[in-house]
Asker: 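Attaching a single structure in structure tokens format; questions to follow.
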Amino acid sequence: MNAVVAEELSYQFPRAAQAAIERVCWQIEAGSVTLIVGPSGAGKTTLLRCLNGLVPHFHGGRFAGCVMVLGHDTRDASPRDLATDVGFVFQDPEAQVIADRVEDEIVFGMENLGVDRRTMRVRLEETLDLLGIHHLRNRETATLSGGERQRVAIAAAVATRPNLLVLDEPTSQLDPLAAHDVLAAVRRLNDDLGMTVVIAEHRLDRVLPFSERIGVLDRGRFSEGTVQEMLDRLDDVPPLVELARALGWRPTPLTVQQARRRLDLPALATTPPRPSPAPGPELIRLEGVGHRYDGTPALRDVSLAGHAGEVIALIGRNGSGKTTLLKHLNGLLRPASGRVLLDGVDIARRPVHELAREVGYVPQNPTAILHQETLADELRFTLRAQDRKADNAPLLAALGIAAHRDRHPLDLSGGERQRAALAAIAIAEPRVLLLDEPTRGLPGRDKAALARFVRDYTEAGRLVIVATHDVEFIATVANRVIMLADGEVIADDTPQRTLAGSLTFATQMNRLFGGEVLTIADALATIGRMDLTIG
């Protein structure tokens with residue numbers, strides 16, 4: 001039995017020059033797990049929204065073909081009609097959360113579907129435990145971090161016990177352990193309840209092992225097949241798959257456990273130290289900074305300094321204080337204790353708009369700073385506000401969004417909006433650039449371009465501080481990693497010394513090889529130096 005059948009499905013947004021998806025023919029078997037992949041702007045979110053009726057009922061536009069979801073024709077069934085059977089988690093959880101309290105948010109969907117109070121209470125407790133958010137139940141949703149809000153949005157969708165669960169980038173803001181826990185919960189729902197699952201995701205390493213089929217979207221065109229069939233067609237793959245290609249492994253291992261069986265690994269020596277440029281002059285410093293939200297400590301006596309030429313990565317579990325720290329560096333938040341120094345001068349009396357000339361901040365949610373009619377207008381707005389002049393063409397080309405300069409920023413995909421927001425801040429070339437989850441929604445090719453941009457930016461004598469959960473990105477771009485836990489700095493060292501061996505923040509290659517191997521380049525160099533038996 002098929003949960004979804006799409007026949008010759010095409011859709012074009014109002015005022016769009018071309019179709020977002022074209023002639024998609026697709027069947028999803030009931031009880032299966034399907035992974036949807038493709039570059040930014042390929043149409044993944046649009047395709048998913050065809051499964052709950054938002055396309056075409058909410059967005060309008062030109063719709064052709066037919067989509068049958070659990071026996072309902074989406075041309076006739078509204079999103080409200082489909083809500084009983086289809087749980088949907090949006091790419092931007094900020095736009096999905098409605099209630100003021102976490103517990104109210106989780107029960108909101110059940111209340112609207114008329115679930116009886118006893119069942120509702122049981123499902124609430126089970127869902128809080130399943131997603132590991134019992135400690136958040138009485139929190140105000142406005143006080144949650146991006147990752148915490150994402151888990152709550154998933155919990156709200158899961159609590160209705162849908163027959164079809166659709167997840168759009170469900171781990172984009174989650175720390176590695178939270179991502180593992182959430183996907184383990186999804187896998188359990190599939191195994192135990194037979195729930196059909198469709199996931200659009202760029203972080204493939206944790207999703208591939210339990211996916212049964214992969215659908216690939218590129219320029220609106222769709223193809224699909226088994227995981228092993230489709231892996232050969234993908235450009236954007238996890239390091240483990242990249243290693244398997246380099247070594248000619250067949251079938252492709254999808255887990256570290258499977259790969260270990262192909263390697264006879266002796267005790268590994270450390271990798272050659274990476275060249276790290278000597279830091280330049282100090283640009284910014286925190287001295288004993290503390291901050292509280294409604295009496296709850298968010299930062300505790302944090303002291304650190306950033307220098308010209310550095311790329312500093314901030315890591316830590318969701319809610320550990322990363323975003324709070326960034327907002328202190330540009331004056332959006334003021335410390336309850338301690339101080340922040342820019343060029344050795346306390347910023348306490350400087351207004352935020354003045355600090356923005358020196359310290360640029362790109363938030364987790366890019367729509368918060370995108371408000372002009374076109375991307376080019378966004379960049380011109382920044383330059384006018386800071387009384388500067390610059391040619392925007394090189395920056396847009398470096399970030400891979402030059403083709404979108406005349407489009408409205410909110411019409412872009414999630415990954416494209418992320419880069420648009422970065423361009424809107426970086427065009428003024430602030431000496432300190434703060435990036436909060438910059439790889440959210442980005443496939444591997446775009447992350448590689450972002451890494452090049454960040455390295456080039458710091459080589460010009462500037463400082464970049466990145467708050468991220470993307471350990472693979474950190475391993476390629478950062479020369480220093482600061483780990484936060486419960487608002488405190490608990491580690492501050494090189495990526496090799498901070499990430500290697502960590503149960504939570506180790507890269508895929510480090511989990512396979514151990515030692516100080518972090519990247520695919522490290523792994524291949526290690527294999528070349530050592531007498532490893534390769535199966």
Asker: Just checking E354: does its CD atom have more than 12 heavy atoms from other residues, nucleotides or ligands closer to it than 6.0 angstrom?
Answerer: yes
Asker: Would you say CZ of R334 has more than 12 non-hydrogen atoms from neighbouring residues, nucleotides or ligands within 6.0 angstrom?
Answerer: yes
Asker: With a sphere of 6.0 Å drawn around CG of D294, does it hold more than 12 non-hydrogen atoms of other residues, nucleotides or ligands?
Answerer: no
Asker: Check whether any side-chain heavy atom of F505 lies under 4.5 Å from a side-chain heavy atom of V481, and answer yes or no.
Answerer: no
Asker: Give the minimum heavy-atom separation between S40 and P443, together with the two atoms involved.
Answerer: OG-CD, 3.2 Å
Asker: With a cut-off of 6.0 Å (strictly less than), are more than 12 heavy atoms of other residues, nucleotides or ligands near NE2 of H180?
Answerer: no
Asker: Are side-chain heavy atoms of N52 and V166 found at a separation under 4.5 Å?
Answerer: no
Asker: Is there a side-chain contact between L484 and I490, using heavy atoms and a 4.5 Å cut-off?
Answerer: no
Asker: Under the 3.5 angstrom rule, does the side chain of R419 hit a backbone N or O of I401 as a donor-acceptor pair?
Answerer: no
Asker: Please verify the inter-ring angle class for F453 with Y457; under 30° counts as parallel, over 60° as perpendicular, anything in between as tilted.
Answerer: tilted
Asker: How about F381 and H371: are their ring centroids closer than 6.0 Å?
Answerer: yes
Asker: If I compare all heavy atoms of P176 with all of V471, which pair ends up nearest, and what's the gap?
Answerer: CG-CG1, 4.3 Å
Asker: If you measure from CD on E201 to CG on L183, what distance do you get to the nearest 0.5 Å?
Answerer: 7.0 Å
Asker: Residues two or more places apart in sequence or in another chain: which of them pass salt bridge (Lys or Arg N to Asp or Glu O under 4.0 Å) with E126?
Answerer: R161
Asker: Closest heavy-atom contact between P430 and E358?
Answerer: CB-O, 3.6 Å
Asker: Decide yes or no on salt bridge (Lys or Arg N to Asp or Glu O under 4.0 Å) for D377 and R380, but give the supporting numbers first.
Answerer: CA-CA 5 Å; D377 289 339; R380 283 192 287 265; 2.5 Å; yes
Asker: More than 12 heavy atoms of other residues, nucleotides or ligands under 6.0 Å from CZ of R121: is that the case?
Answerer: no
Asker: Can you find a side-chain donor-acceptor pair between Q150 and S172 that sits under 3.5 Å?
Answerer: yes
Asker: Would you check if the side chain of D470 reaches a backbone N or O of T439 as a donor-acceptor pair within less than 3.5 Å?
Answerer: no
Asker: From the options D181, L189, V182, select the one residue that forms a side-chain contact (heavy atoms from CB on, under 4.5 Å) with L130.
Answerer: L189
Asker: Do T468 and L314 have side-chain heavy atoms sitting under 4.5 Å apart?
Answerer: no
Asker: Quick one, Q508 and V256 - any side-chain contact, counting heavy atoms below 4.5 Å?
Answerer: yes
Asker: So, the side chain of D343 versus the backbone of V345: is there a donor-acceptor pair under 3.5 Å, distance only?
Answerer: no
Asker: Could you tell me whether the side chain of R260 and the main chain of L512 form a donor-acceptor pair under 3.5 Å?
Answerer: yes
Asker: I need the I36 CD1 to E169 CD distance, nearest 0.5 Å.
Answerer: 12.0 Å
Asker: Keeping the roles fixed (side chain from T143, backbone from E140), state whether a donor-acceptor pair exists under 3.5 Å.
Answerer: yes
Asker: How far apart are the closest heavy atoms of A259 and P253, and which atoms are they?
Answerer: N-CB, 3.8 Å
Asker: Could you tell me the separation between the CD atom of Q386 and the NE2 atom of H353, rounded to the nearest 0.5 Å?
Answerer: 10.0 Å
Asker: Would you say D411 has more than 12 foreign heavy atoms packed within less than 6.0 Å of its CG?
Answerer: yes
Asker: So, taking the atom named CD1 in I106 and the one named CD in E125, what distance separates them when rounded to the nearest 0.5 Å?
Answerer: 9.5 Å
Asker: Within the side chain of R480, is there an N or O that forms a donor-acceptor pair under 3.5 Å with the backbone of V311?
Answerer: no
Asker: I need the L379 CG to Q372 CD distance, nearest 0.5 Å.
Answerer: 10.5 Å
Asker: Whether the side chain of D168 engages the backbone of T45 through a donor-acceptor N/O pair (distance < 3.5 Å, no angle test) should be reported.
Answerer: no
